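Below is one structure, written out as structure tokens, with a few remarks after it.
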Amino acid sequence: MKFGIYTLGCKVNTYESEFVKSLLENHGYEFRNFDDICDIYIINTCTVTNTSDIKSRKIIRQARRRNKDACIVAMGCFIQASSDNIIEDIDIALGNKDKSRIVDLIEQYFETKNKIVDLKENFDEKFEDMFIEKYQNRTRAFVKIQDGCENFCSYCIIPYVRGKCRSKNFDLVIKEIKTLVGNGFKEIVLTGIHTGNYGVDINTNFASLLNSIVQIEGLKRLRISSIEINELTDEVLEIIKNNDVIVNHLHIPIQAASDHVLKIMNRKYDLEFFQNRIKKIREIKKDISITTDIIVGHPLESDEDFNSSIEVIKEIGFSKIHVFPYSKRNGTKAAEMLQVDESIKKARAKKLLELSKELEINYMNKFIGKNLEVLIETCNSEYSIGHTTNYLNVKIYSKKYKSEDLITVKLTKIEYPFIIGE
């Protein structure tokens, strides 16, 4: 039987989709493009925003229209959150537990043709072990080390659909990374719902894991997908300082650059703490790229809050900002607060995006004329594209490179969003 997978949302979803793909292939199923006519369509959904919900529904319905006789599997966060409103077009509704049972569930469906709803109430009891040996069409390998979050930020639905923090077995993480490196992957990306909280439930911590990973022979690059500022402990920073295998880039979500809004959001730090840690990071890695997430138009965010945020963001000097207009999530504390008008959110988002581009170009300009190593990710007959350790998006007009090549180039000029390398 032929199957296709469509993945929405975060790197954790990407990892889980790859795991599901490998499971099905190992049982004789044939992977196809999601736009092809397949016997099985799997949609790995996201519910972080209203837009995510809408897109999840849209992709499910498109799959049903493509082949009315196919088995439609919808899994993940949107499905876990929508347990009281399962969409008619779904044949198998699978939440955030038992994704490793997907082959059994598909076989059960084809045997009985009865709808299956597998949404456990105790879906967050323990980490569901997954193991990937290789990725197809990827040069960077994601490794999921953690699931769940217990921060309960006022705007966020994820703790309710991903559950409490649980961590992957320490030795299994090391074994998976060694396997991927042995299969030719030069860059490993550690990912999780609350990555830096790794180990809280298994009597270890993120620093200990990092310290073991950096010693893996053959590993060229280690990237942390995202980490909270208060999890960049002195111990973690010392490992980053002393190990060049950890890339020169950190993604640290600030979410708001106003103490007033941070308190409303129930974030676990204030601006003084955030800025002091950033200064310490830059003392360790002078030219490090620090990117961030910011939510605009959070309930009770005033014009004064937003305008002061702009100044703080400039002062911190992020190299890029991922901008998210606040999205009301029913069941969260922020959903009960006074909402900011949509037109105001839109205007604030536009202003922040303009600032992000300015900051990104400023950061790029620091490296014009310098030689940096680039991991090639995509190629065609005209050019190759890859990333530096500090996540500059480099385009090289050359036909001689191939995916997974690690080459040194001279950065010559900016063709936004790329920087040109020779």
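This structure is a prediction, so every number in the text was calculated from the model and none was measured.
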Look at the rings of Y269 and F274 and say which category their plane angle falls in: under 30° parallel, 30 to 60° tilted, over 60° perpendicular. tilted
Any chance you could measure [X], atom [atom1], to [Y], atom [atom2], to the nearest 0.5 Å?
| X | Y | atom1 | atom2 | value |
| --- | --- | --- | --- | --- |
| K268 | C153 | NZ | SG | 6.0 Å |
| I42 | K99 | CD1 | NZ | 11.5 Å |
| T7 | N13 | OG1 | CG | 6.5 Å |
| C10 | I158 | SG | CD1 | 7.5 Å |
| Q80 | K120 | CD | NZ | 10.0 Å |
| T332 | Y155 | OG1 | OH | 10.5 Å |

Is a donor from one side chain sitting under 3.5 angstrom from an acceptor on the other, for [X] and [Y]?
| X | Y | value |
| --- | --- | --- |
| S302 | D305 | yes |
| N50 | S327 | yes |
| T49 | S52 | yes |
| E128 | S100 | yes |
| H322 | T291 | no |

Mind checking whether [X] and [Y] have side chains closer than 4.5 Å, heavy atoms only?
| X | Y | result |
| --- | --- | --- |
| V103 | L24 | yes |
| F206 | T233 | no |
| R221 | R140 | no |
| Y391 | V247 | no |
| I252 | R277 | no |
| L190 | L210 | yes |
| I157 | N330 | no |
| T195 | Y198 | no |

Any sub-3.5 Å donor-acceptor pair from [X]'s side-chain atoms to [Y]'s backbone N or O?
| X | Y | value |
| --- | --- | --- |
| D293 | Q255 | no |
| N169 | L172 | yes |
| K241 | E283 | no |
| S319 | S289 | no |
| K186 | E404 | yes |
| N243 | V245 | no |
| N26 | S22 | yes |
| E358 | E354 | no |

Residues S56, D53; criterion side-chain hydrogen bond (donor to acceptor under 3.5 Å, both in side chains); working and verdict: CA-CA 5 Å; S56 295; D53 286 355; 5.6 Å; no
So, applying side chain to side chain donor-acceptor pair (under 3.5 Å) with H194, which one of E231, E228, Q146, E150 is it? E231
For R223, run the side chain to side chain donor-acceptor pair (under 3.5 Å) check against H387, H251, E187 and tell me which one passes. E187
Within 45° of the axis and under 6.0 Å from the centre of the six-membered ring of Y15, does NZ or CZ of K144 qualify? no
Face-on cation placement of K175 at F131 ring, 6.0 Å and 45° thresholds: yes
Does a sphere of radius 6.0 Å around [atom1] in [X] hold more than 12 heavy atoms from other residues, nucleotides or ligands, not counting ones at 6.0 Å or beyond?
| X | atom1 | answer |
| --- | --- | --- |
| N203 | CG | no |
| E30 | CD | yes |
| K320 | NZ | no |

Only one of N393, V394, I396 forms a side chain to side chain contact (heavy atoms under 4.5 Å, CB included) with I385, so which one is it? N393
Please determine whether salt bridge (Lys or Arg N to Asp or Glu O under 4.0 Å) holds for the pair K345 and E342, giving the CA-CA distance in whole Å, both sets of side-chain angles, and the decisive distance to 0.1 Å. CA-CA 5 Å; K345 282 195 279 187; E342 289 297 323; 2.8 Å; yes
Measure from the ring center of F34 to the ring center of Y41 and say whether it is less than 6.0 Å. yes
Would a line drawn from the ring center of Y160 to the ring center of F152 be shorter than 6.0 Å? yes
Are D270 and K263 ion-paired here, with the side-chain N under 4.0 Å from a carboxylate O? no
Evaluate the criterion side-chain contact (heavy atoms from CB on, under 4.5 Å) for residue pair E373 and T389; output intermediate values, then yes/no. CA-CA 7 Å; E373 201 170 54; T389 180; over 6 Å; no
Evaluate side-chain hydrogen bond (donor to acceptor under 3.5 Å, both in side chains) for S208 paired with N205, printing each intermediate quantity in order. CA-CA 6 Å; S208 296; N205 59 39; 3.0 Å; yes
Does the pair S167 and D201 meet the rule for a side-chain hydrogen bond (donor to acceptor under 3.5 Å, both in side chains), with working shown? CA-CA 7 Å; S167 307; D201 56 326; 2.6 Å; yes
